[in-house]
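What follows is one structure encoded as structure tokens, with my remarks underneath.
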Amino acid sequence: MSAVHAFESATLPADDPRFIAALDLQIAQMRRVLDLMAPVSDSEALRSLRDAFPDAPFEERARAVAGA
């Protein structure tokens, strides 16, 4: 089981250090997807991340696009 799945299986409070680690990991994974896909626009990037990470909140996907 990967670290991502371990974090997804339980809801963590925002003040839990594992929450920040899980969030950072998921955003890093999203950035990797964007690097591999090389989308031509922000809307295409957001759409791709929505397809690849359907459970991720929009805010996380937007942060990944902004940092890509």
Query raised in the report: Same cluster for V65 and F58 if Ile/Leu/Val/Met/Phe/Trp/Tyr side chains link at under 4.5 Å?
Result: yes

Query raised in the report: Atom CD in Q29, atom CG in D24: separation rounded to 0.5 Å?
Result: 11.5 Å

Requested in this report: Work out which heavy atom in M30 is nearest to a heavy atom in R61; give both atom names and the distance.
Outcome: SD-CA, 3.8 Å

Compile the donor-acceptor pairs under 3.5 Å between side chains in residues 45-52 and protein atoms, sequence neighbours left out, one pair per line.
{"unit_1": "S48", "atom_1": "OG", "unit_2": "E44", "atom_2": "O", "d": "2.9"}

Query raised in the report: Taking only residues two or more places apart in sequence or in another chain, which ones pass side chain to side chain contact (heavy atoms under 4.5 Å, CB included) with P54?
Result: none

Report summary line: Residue set satisfying side-chain hydrogen bond (donor to acceptor under 3.5 Å, both in side chains) with D42, at least two apart, ordered chain then number -> none

